[in-house]
Amino acid sequence: MSQYRNRRQASSGSPQNSRNNARLQAQRRRRRRKKRQLRILYTLCILILVAIAGLVFWKTRDGSSKNIPENPADLQSENNGSDIQKATPSPTPTPVPVTLSITGDDLYSHYAVLIRRSTGEKIFDLRSEEKMFPASMTKMMTALVAYEQLSDLQTKITLNPDMFDKLTEEGASMAGFSAGEEVTALDLLYGVLLPSGAECCIGLAEYIAGDEESFVELMNQKATELGMNHTHFCNPTGLHDENHYTTVSDMAILLEALLEKEELRQIISTTSHTSTPTNLHPEGLTYPSSMFEDMPADALASGLILGGKTGYTQEAGQCLASFGKADGEEYILVTGKTPGNPETEPYHIIDAYRCYSSITVGDSPTPAAEEDTLSSPTPSPESAAF
C-alpha cells in the first residue's frame, strides 16, 4: 500500500505535468492583462466623448447668449422690429414725371399718342381713340404674325408671279424683288418693315396661310389677342379699304408687341439691309428704311428716333409709328393724317422729332429740346423747318 502511494506521488510530480501547469497559468495571466487594457481603452474613449460634448455645448451656449439682450424689453422690441420689417414691403420707386412741352397745335398730325414704355403711361394724347386709316403701318402686324408663325427664318419662299401685276396697278410700294424670286423669310421681313415691300407681305401671307384672306384672319385674331379693340384689317399691305381701320392708340399697342420680339426690333431699327443672294439677285438686293431715308439731317443726327414704320395713302395721309429715346428712357409715338404726301416734306417724321425733342423728364428738358430747330408754333406745309 505504501508502495502504491509513493508511485502516485512520483507520477503527479513528473516534469511534464509541471510544464503544462505553467503554460496554463501564463495563458490566464495574458487574458487578465488583455481585459484590463480593454477596460482602460473603453474608459478613455468615454472620457474623450464626454469632453467633446461638453465643449460643443459650452460654445453653443456662449454664442447664443451674446445675441440675447440683457433687458427683456429690448428682446420684445427687436422682435417687433423684425416683424414690421417682414410685413412692410419695400416701397416702389415713384417714376419721375414726364411732360411734353408742346401741344397739338404745334404738330402737323391730326392724330398722335406718346407712350412712356416703362410705365405704359400716355404722355401726350391727340385724338388717340378716334378711327383712322393705318396705311402701311399695317405691315407691323404682317411682320409680327409672320414672325410668330415661322419656325425657321432661313426658309426660302418663292414669290408668286401672279401678285405683281395687281400690286403694280394698285400703286403699292415694293422692295424690289421679282416674280419667281426665291427669298429667305428673314429677308422678306426686312422687306416688309424697311422699304414697305408689298410683294414681301403677300409672299409671306401666301406661304404661311395659303392665301391672303386666311392670313388676314390671323392678323385680326392677333389684334384681338393684343387688345386692339378698335382695329380691323382687310389686307396685309395697308392699301386703302373703308373697313381697314385702327386708332393711334391701337397702333402703339402693336408696336410695343413688335418691339418685344428682339429680331423684329433689330429689323425695324435698321437703316439699310442687303438680302442674302437669290436666284435672281446673286449679289443680294439692298433696300433702305423708308423712315431713315426720308429723315431730315437734324433729326437723324439727334439720335432721338431709334426706329419706326411709315405709311401713306391719300385717305390716311402721312403716318408714322416710331420709338425713340430721351433722357435714358424709351417712348413710343404714333402719328397719323399729316397733310403731306411722298412728294412733300416728311411732316410725320418732323412731328416725331419735334415730340421726342420736347420731352421733359422731371424739371429738366432733354438736351435735344434746347436745340430744337422746329420753331414754328403753328405748323403748315409751307413753314416746315426741313
Side-chain angles (χ1 to χ4, degrees), residues 98-117 123-124 126 135-137 140 173 193-196 248 251-252 255 259 265-273 287-312 317-361 364-386:
V98 174
T99 57
L100 205 64
S101 60
I102 60 173
T103 68
D105 292 335
D106 299 310
L107 299 178
Y108 295 97
S109 302
H110 188 72
Y111 309 103
V113 67
L114 179 68
I115 306 289
R116 188 181 194 179
R117 290 195 69 202
I123 306 300
F124 181 73
L126 180 64
S136 284
M137 292 191 299
M140 293 191 297
S173 57
L193 291 175
L194 297 190
S196 207
V248 287
M251 285 289 106
L255 179 53
L259 293 176
R265 178 189 169 107
Q266 181 178 343
I267 292 172
I268 205 170
S269 308
T270 301
T271 57
S272 180
H273 175 72
Y287 33 90
S289 160
S290 56
M291 183 194 73
F292 284 115
E293 187 178 43
D294 293 339
M295 189 175 292
D298 285 2
L300 190 60
S302 73
L304 289 170
I305 305 174
L306 301 177
K309 181 71 194 75
T310 58
Y312 171 78
Q318 290 177 329
C319 308
L320 176 62
S322 66
F323 71 108
K325 194 169 188 178
D327 204 32
E329 275 204 68
E330 287 192 359
Y331 300 84
I332 283 176
L333 174 70
V334 182
T335 58
K337 204 173 183 181
T338 65
N341 62 59
E343 305 304 320
T344 68
E345 296 290 339
Y347 300 117
H348 49 338
I349 301 175
I350 292 171
D351 274 357
Y353 176 56
R354 179 174 274 131
C355 283
Y356 289 122
S357 63
S358 300
I359 291 172
T360 301
V361 181
S364 303
T366 64
E370 297 167 4
E371 301 170 3
D372 187 7
T373 59
L374 302 178
S375 57
S376 172
T378 308
S380 64
E382 292 74 24
S383 65
F386 298 105

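Between L107 and T335, the closest side-chain pair of non-hydrogen atoms is not below 4.5 Å. Using a 4.5 Å heavy-atom cutoff, the side chains of I359 and D327 are not in contact. Under the 4.5 Å side-chain criterion, counting only non-hydrogen atoms from C-beta, S302 is in contact with Y353. In this structure the side chain of I268 reaches within 4.5 angstrom of the side chain of L259, judged on heavy atoms. Between P346 and M295 there is no side-chain heavy-atom pair separated by less than 4.5 Å.
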Exercise for the section: Using the side-chain hydrogen bond (donor to acceptor under 3.5 Å, both in side chains) rule, take D351 and S109 through it: C-alpha gap first, then chi angles, then the decisive distance, then the call. Expected result: CA-CA 7 Å; D351 274 357; S109 302; 2.6 Å; yes
Exercise for the section: Show the numbers, then the answer: is there a side-chain contact (heavy atoms from CB on, under 4.5 Å) between I102 and C355? Expected result: CA-CA 7 Å; I102 60 173; C355 283; 4.0 Å; yes
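Scanning all heavy atoms of the two residues, the minimum distance from I349 to M291 falls at CD1-O, 3.5 Å. Residues T310 and S290 approach most closely at OG1-OG, 2.9 Å, considering heavy atoms. Nearest heavy-atom pair, S196 versus S173, reported as atom, atom and distance to 0.1 Å: O-OG, 2.6 Å. Heavy atoms only, all atoms of each residue included: F292 and L300 are closest at CD2-CD1, 3.8 Å. Counting all heavy atoms, side chain and backbone alike, N341 lies closest to Y312 at CB-OH, 3.4 Å. For the residue pair M140 and A321, the shortest heavy atom distance occurs at CE-CB, 3.6 Å.
In this structure, H348 has its ring center at least 6.0 angstrom away from the ring center of Y108.
Here the side chain of E330 pairs no donor or acceptor atom with the backbone of K325 at under 3.5 angstrom. For the pair Q318 (side chain) and T338 (backbone), a donor-acceptor distance under 3.5 Å is absent.
Atom CG of L114 and atom CG of L126 lie 11.5 Å apart (nearest 0.5 Å). With values rounded to the nearest 0.5 angstrom, I267 atom CD1 is found 12.0 Å from S289 atom OG. The line from CG of L320 to CD1 of I350 is 11.5 Å long, rounded to the nearest 0.5 Å. Note that CD of Q266 is 12.0 Å distant from CG of L193, once rounded to the nearest 0.5 Å. How far CZ of F124 is from CD1 of I115: 11.5 Å, rounded to the nearest 0.5 Å. Within the model, atoms CD1 of I123 and OG1 of T99 stand 8.0 Å from one another, a figure rounded to the nearest 0.5 Å.
One side chain, Y356 or S322, offers a donor N or O that lies under 3.5 Å from an acceptor on the other.
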